[in-house]
Amino acid sequence: MGFRISDLFRISILGFRILTMTTSTPQVRTRVAPSPTGDPHIGTAYMALFNLAFAKSQGGQFILRVEDTDQARSTRESEQAIFDALHWLGLNYDEGPDVGGPCGPYRQSERLAIYKEECDKLIAAGHAYRDFSTPEQLDALRKQQTESGANPGYRGEFRISSEEAEKRAAAGEPHVIRLIVPSEGECVINDRLRGEIKFPWAQIDHQVLMKSDGFPTYHLANVVDDHLMGITHVIRGEEWISSAPKHRRLYDCFGWQMPELIHLPLLRNPDKSKLSKRKNPTSINYFKQAGYLPEALLNYLGLIAYSMPDASEMFDLSQMIASFDIGRVSLGGPVFDMAKLAWLNGRWMREKQSADDLLERLKSWMLNDDTWRRILPLVQPRAEKLSDIVPMSAYLFADMPQYDAALLIPKGLDGERVATLIRIILWEFEKMRSWSGEQAKNSLNAIAEKESVKLRDLLAPIFVAISGAPVALPLFETMEIIGADMTRRRLAHALAKLAETGFELKGKKLKKLEEEYQKSYGR
RNA sequence: GGCGCUAUCGUCUAGGGGUCUAGGACGCUGGCCUCUCACGCCGGAAACAGGGGUUCGAAUCCCCUUGGCGCUACCA
C-alpha cells in the first residue's frame, strides 16, 4: 500500500518545523511550567500571561509543561485545575499535556527515561556523580558549616570514588546524583531586564539532579526540557535568579545553548512579602467563585508590573500582545491590590458588557438551574414563602459575608481558642485534594474529637464565618456549593477579623501551634 | 549569617540628564450631577529612602548606607 497525500503533508509539516527550529534565528518559544501542588495559583496565571504575550508578540509559541517531579505533593486534580483555570482566563497554550504537540510528553513524570539518559551522560563525562551521603550526614555538615560561619552547602564532602559508587549503585543502594560546579571563579548570568548578574562559584553547592526515587529535581528537568522543547526565552519568577548559575552550568556541561533569561518581580502581599494564601487570596478559583470576570483579572495581572506604551489601563489580551514590550516590565515587587482589581472589574462590567451579556455571565457563573437544584432541597424545609428563598440563599452567591467579629466567639469558648480551631480547620481543608460536603463533615468531626470540642461548639463560629450568621442553611452542603476555595477564603477572612479583635495567631505562638498540629494531624 | 535582586505618592505606575515647581490610576477626601445610592464630572491632600560622587545640569548615570524581598532542601 502506498502512502496517502495526508501522510506527505504531515511529513512536510514536520520538516518545516524542524527547519524553523534549527535556523539561526529560531522561532520564539516560551513556556509556563507550574507544579501541580495545591490550588491553581494566581502567580501561575501572571507568569503565563507574560510568557504568552511575549511569545505571541514575536509570532512565536507558548507552551504549558507540568512540573510534577515532586511525587509527594503533585496530584492530577491539581493539574486539571491548572488547565481549567488557564483556559478560563483565556491563556491558551499551543502545546501542553491536554492539547498535545510535537515535543511531548508535556508532563515531566512521563519523561523520566529522558532525564535518566541525559543524567547518565553527565556522569560519564565527569560532570556529575552518584552520592550516597545520608540526611543525617548532610544535617551534621550543615550544622557544622553554619556554626563555623561558612556558607552552608554540600560540595562533595562525602563523595566516594566512582568505582565504588558504581558498585554500590549496581547493588541497588539508594543514592542521588549531584552536579559538580567549579569551586572558584565567577558565574555571569545575563538577564534581559537586569543585565549581568555575577555569582561567585564558591557560593554554589553540588545540586541534586536526580533524587533517590529516580525523579529529577526541578533543575535538571527544567534544563533538559527547555532544551528539548526548543524554548528560546525563559520568563520566570525572580525567586529563580539564585539558581540560574546551576542552570548555566548544566547547559554548559550538555553543550547546549541557554535560553535568554528574563526574571519577573514576584507578586506581593500588602505587607510586601511574597504573595501567600495566608495574607491574600491566591487561588484563581477563588476569583472565579467571587464573581470576577476573567478578562478583568487578566487585565489586572497585565497592569501589575507592566504598563502599556500608551498608558491605557483597560485592555484585553490581544491589545496587550499587539503592543507588548518586555522592557516595560518594572522590577519593584508589586503589591496585589484587591481594591484596584475590584475597581477594574467594575469597569469591565459596566463598560464592556450589556445587561444581556451580564445575564449570560450570571447564568454561567452560578445563577442557573443546576445550582438552584442543589440549593432548593436546603431551603425548601425552611421557607414559608417563595420570597424567603432568595434572602436565605443570598450568602451562597456573595463574596465575603458581613458580620460582627464578636459573633465568631460563642459562649464557652474564648477568641484565641476559636482562632486556633479555625486555623486547624483551614490547615486540614488545605490538605484535601478533592472537595465535598461529606469530606468537610468528616474532617470537622475528626477535628472536634481530636480537640475535645463538641461538634456544635466547633461549628458555631464556622457557621458565622461561612454564612455571616449563626443560623443558616446546612453547613456542609453550603461548603460544597460555594466550593473549597471560597470556603477557605471565608475561614481565612474570619481569622483576619479575629486578629483585628486582638486574637491574632502569629510569630512563635503560631509556629508552636503549627508544630503541634503537624505532630497530631500529620503532614 | 552568606549570596543575589530591588527602591518615585498608602498602593499600581509614567519618567530612561535639562520640557519635573514629578504626570496618570486605585484608595482617601471636598464639590457638582441626582428621587437615594452607585456611575460620571470637577477639585484637593499625598512620592523621587539617605549620603556621596559624575555633570554646566540629575528622579534619571556610578558608589556607599539603609529598607524591602528572594534564595540558602533528595520543593518547585
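Every chain is numbered from 1 and lettered A, B, ... according to where its sequence line falls, protein lines coming before strand lines. For clarity, every value in this text was computed on a predicted model and none was experimentally measured.
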Distance below 4.0 Å between A:Lys211 side-chain N/O and B:C75 OP1 or OP2: yes
Interatomic distance where CE belongs to A:Met338 and C1' belongs to B:G10 [whole Å]: 18 Å
A:Lys340, nearest nucleotide to its side chain (from B:A76, B:C74, B:G24): B:G24
Nucleotide of B:C74, B:U13, B:G68 approaching A:Ala305 most closely (side-chain heavy atoms): B:U13
Stacked cation flag A:Arg159 on A:Tyr129, 6.0 angstrom / 45 deg: yes
Among B:C69, B:U11, B:C5, the nucleotide that comes nearest once only the side chain of A:Ile197 is considered: B:C5
Contact check, side chains of A:Tyr395 and A:Arg490, non-hydrogen atoms, under 4.5 Å: yes
Under-4.0 Å side-chain N/O to phosphate OP1/OP2 contact, A:Lys274 with B:C71: yes
Nucleotide of B:C74, B:U13, B:U72 approaching A:Pro152 most closely (side-chain heavy atoms): B:U72
A:Ile241, nearest nucleotide to its side chain (from B:C3, B:C5, B:A25): B:C5
Distance, rounded to the nearest Å, where A:Gln145 contributes CD and B:G2 contributes C1': 12 Å
From B:A76, B:C3, B:U13, nucleotide with atom closest to A:Gln203 side chain: B:C3
A:Glu136 CD - B:A73 P separation (whole Å): 16 Å
Sugar-phosphate, base or nothing in reach of A:Arg328, heavy atoms under 4.0 Å: sugar-phosphate
Options B:C74, B:A25, B:C71, nucleotide nearest the side-chain atoms of A:Leu138: B:C74
Integer-rounded Å distance: B:U13 P and A:Asp310 CG: 17 Å
Salt-bridge criterion met for A:Glu95 and A:Arg29 (N-O under 4.0 Å): yes
A:Phe50/A:Phe54 aromatic ring centres below 6.0 Å: no
Geometric cation-pi criterion, A:Arg168 with A:Phe132: 6.0 Å, 45°: yes
Short side-chain N/O contact from A:Lys246 to OP1 or OP2 of B:A73, under 4.0 Å: no
d(CZ, A:Arg31; C1', B:A76) in whole Å: 11 Å
Sugar-phosphate only, base, or nothing, as touched by A:Tyr218 at under 4.0 Å among non-hydrogen atoms: base
Sugar-phosphate, base or nothing in reach of A:Arg142, heavy atoms under 4.0 Å: sugar-phosphate
Sugar-phosphate, base or nothing in reach of A:Ser330, heavy atoms under 4.0 Å: sugar-phosphate
Per A:Arg350 side chain, nearest of listed nucleotides B:G40, B:A25, B:C69: B:G40
Atom pair distance, as rounded to whole Å: CD in A:Glu184 and P in B:C3: 17 Å
Sugar-phosphate only, base, or nothing, as touched by A:Val176 at under 4.0 Å among non-hydrogen atoms: base
Separation of B:A25 C1' from A:Asp337 CG (nearest whole Å): 11 Å
B:C75 base / A:Ser35 side chain donor-acceptor hit below 3.5 Å: no
Residue A:Thr217, side-chain atoms from C-beta onward, closest of B:G68, B:C5, B:C75: B:C75
For atom CG of A:Asp70 and atom C1' of B:C75, their distance in whole Å: 5 Å
